[in-house]
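Letters go in sequence order (proteins before strands), and every chain restarts at 1. Owing to the predicted nature of the structure, the values given are computational and were not obtained by experimental measurement.
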There are 2 protein chains.
Amino acid sequence: MKLEEAQQQFIASWGAFGSHWGINRTMAQIHALLMISADPLSQDDIMEKLSISRGNVNMNIRDLIDWGLVSRIIIPGERKEFFSAEKDIWKVATQIVKERKKRELDPMLRLFDQLEEVEGDKKDKNIKQFTETVSNIRKFGLQADKMLEMMIKADENWFLGNLLKMFK
Amino acid sequence: MKLEEAQQQFIASWGAFGSHWGINRTMAQIHALLMISADPLSQDDIMEKLSISRGNVNMNIRDLIDWGLVSRIIIPGERKEFFSAEKDIWKVATQIVKERKKRELDPMLRLFDQLEEVEGDKKDKNIKQFTETVSNIRKFGLQADKMLEMMIKADENWFLGNLLKMFK
DNA sequence: TTGAATTTTCAAAAATAAGTGAAAGTAAAT
DNA sequence: ATTTACTTTCACTTATTTTTGAAAATTCAA
């Protein structure tokens with residue numbers, strides 16, 4: 001397979017993947033493009049390579065920066081800004097985990113703390129089913145939270161090494 | 001907090017959560033409703049409780065069944081069909097992992113196998129960056145795949161016990 | 001069979017999300 | 001201070017996804 005074609009496929013596939021995970025397709029594509037680019041790219045480069053508008057590039061780049069996945073690069077002598085993606089996939093993964101945990105899991109767990117304290121007769125089957133469900137999901141969430149927290153802080157080799165041991 | 005209100009909040013929150021993960025809000029809400037219902041519900045029950053149309057309920061219920069998260073219940077003497085959700089959160093989680101792995105991770109890994117074999121001068125920095133990125137993501141994906149595979153097959157207590165040990 | 005109850009389908013409508021491009025904003029260079 | 005190069009914003013357009021509801025299909029009981 002030729003490089004050009006492979007690159008296109010990689011970008012398309014990363015974009016499709018992202019869109020299944022609540023990330024907009026273009027944002028994932030820009031991320032993909034930057035990950036496989038040896039040098040930082042400018043907004044114009046990205047517009048051209050992905051055939052998208054300036055406004056679109058600008059907005060999605062900003063989001064990627066918010067997510068901590070892309071950084072602005074100043075190249076001395078150049079007037080333009082350039083952008084470059086974190087290329088260490090472990091760092092990418094932990095960064096995404098960290099953000100999603102903060103934005104989604106943590107608030108949900110806080111809500112569930114409250115929901116467990118529903119008032120009423122604990123023997124009523126509706127109350128029982130509700131508190132049981134919430135409590136079980138909450139326990140599961142706390143475990144997940146602990147594991148993700150650890151992953152965020154961990155060193156890649158330590159983490160993968162341990163997992164491997166566990167699954168041997 | 002009153003049961004009614006807590007239920008509403010749970011359903012809303014589960015729906016919002018789902019929509020960040022590529023699952024449509026209504027589908028997640030129906031799932032939430034069924035998880036906290038002590039008894040199986042009919043299509044009409046769901047329509048009424050969530051104020052949505054018959055067609056919508058029907059389609060999303062079918063999807064939930066496809067995902068293995070909900071099952072049809074026949075109640076003797078009743079003409080209608082009833083529906084009930086898996087309530088063991090561990091089973092829910094592994095079922096979701098299993099399906100998403102099959103639909104998303106596995107095809108991506110198959111694609112990456114091909115992409116790594118891009119033709120051309122291995123010293124060209126563009127080719128180098130491309131193959132390196134793809135190869136690293138692929139390795140990471142294979143690890144994740146292994147871990148998820150194990151999780152799918154594992155018993156909850158064994159899995160969580162081991163994780164706990166690992167993180168102690 | 002017939003027909004009432006129930007489920008399923010699907011074209012059209014509504015809602016939501018994403019993308020555009022021109023205008024406004026900034027900041028370096030002259 | 002003004003021009004020029006570049007970045008950001010946002011009202012509007014376009015594309016995508018979700019929902020509706022009525023018609024068609026199915027199921028079951030008499």
Side-chain angles (χ1 to χ4, degrees), chain A residues 11-12 14-34 39-67 69-84 103-104, chain B residues 11-12 14-34 39-67 70-84 100 103-104:
Chain A
I11 290 169
W14 199 249
F17 194 69
S19 68
H20 282 120
W21 292 82
I23 287 145
N24 103 27
R25 215 175 68 255
T26 305
M27 180 169 156
Q29 287 180 347
I30 293 175
H31 182 228
L33 173 62
L34 290 175
D39 302 310
L41 302 182
S42 68
Q43 287 201 3
D44 294 87
D45 294 335
I46 297 169
M47 286 168 66
E48 193 198 319
K49 296 227 188 194
L50 301 180
S51 314
I52 55 181
S53 74
R54 182 175 303 285
N56 198 6
V57 170
N58 192 276
M59 266 160 48
N60 285 111
I61 280 279
R62 176 148 47 74
D63 282 351
L64 282 165
I65 291 173
D66 285 348
W67 276 82
L69 298 173
V70 163
S71 47
R72 259 175 238 279
I73 304 281
I74 304 298
I75 296 185
E78 285 274 13
R79 186 75 176 272
K80 281 184 191 163
E81 293 180 330
F82 288 78
F83 301 93
S84 149
R103 297 173 195 208
E104 297 160 31
Chain B
I11 290 168
W14 199 249
F17 194 70
S19 69
H20 282 121
W21 292 84
I23 286 146
N24 103 27
R25 217 176 65 256
T26 305
M27 181 169 153
Q29 286 180 348
I30 294 175
H31 183 227
L33 174 61
L34 290 174
D39 303 308
L41 302 181
S42 67
Q43 287 202 359
D44 293 271
D45 295 335
I46 298 169
M47 285 167 65
E48 194 199 319
K49 297 228 185 194
L50 301 179
S51 313
I52 54 180
S53 73
R54 183 178 302 287
N56 200 1
V57 170
N58 191 277
M59 266 160 58
N60 284 111
I61 280 279
R62 175 146 50 71
D63 283 349
L64 283 165
I65 291 173
D66 284 349
W67 276 81
V70 163
S71 47
R72 262 174 235 279
I73 305 280
I74 302 300
I75 296 186
E78 285 274 13
R79 183 75 177 271
K80 283 183 190 167
E81 292 181 329
F82 288 77
F83 301 93
S84 150
R100 298 200 79 152
R103 298 172 194 208
E104 297 159 32

Taking only the side-chain nitrogens and oxygens of [X], find out if one of them lies under 4.0 Å from OP1 or OP2 of [N].
X	N	value
N58(A)	dT8(D)	yes
R25(B)	dT16(C)	no
N56(B)	dT20(D)	yes
R54(B)	dT19(D)	no

Heavy-atom side-chain proximity of [X] to [Y] below 4.5 angstrom:
X	Y	result
I30(A)	V70(A)	no
F82(A)	R72(A)	no
N24(B)	N56(B)	no

Which nucleotide in the set [options] lies at the smallest distance from any side-chain heavy atom of [X]?
X	options	value
E81(A)	dT7(C), dT20(D), dT7(D)	dT7(D)
K80(A)	dT20(D), dT18(D), dT7(D)	dT7(D)
Q43(B)	dG21(D), dT8(D), dT8(C)	dT8(C)

Under the side chain to side chain contact (heavy atoms under 4.5 Å, CB included) rule, what do K80(B) and Q43(B) come out as? Steps first, then yes or no, please. CA-CA 8 Å; K80(B) 283 183 190 167; Q43(B) 287 202 359; over 6 Å; no
To the nearest Å, how far apart are [X] [atom1] and [N] [atom2]?
X	N	atom1	atom2	result
I61(B)	dT9(C)	CD1	C1'	16 Å
N24(A)	dT17(D)	CG	P	12 Å
R72(A)	dT8(D)	CZ	C1'	10 Å
F82(B)	dT7(C)	CZ	P	9 Å
I73(A)	dC6(D)	CD1	P	18 Å
L64(B)	dT18(D)	CG	P	13 Å
R62(A)	dC6(D)	CZ	P	21 Å
I23(A)	dA18(C)	CD1	C1'	15 Å

Looking at the base of dC28(D), is there any donor atom on it, or on the side chain of R79(B), that sits under 3.5 Å from an acceptor on the other one? yes
For T26(B), which contact category applies under a 4.0 Å heavy-atom criterion: base, sugar-phosphate, or nothing?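 Sugar-phosphate contact only - T26(B) comes under 4.0 Å of backbone atoms but never of a base.
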Fit a plane to each ring of W21(B) and W21(A), take the angle between them on a 0 to 90° scale, and name the class: parallel (under 30°), tilted (30 to 60°) or perpendicular (over 60°). perpendicular
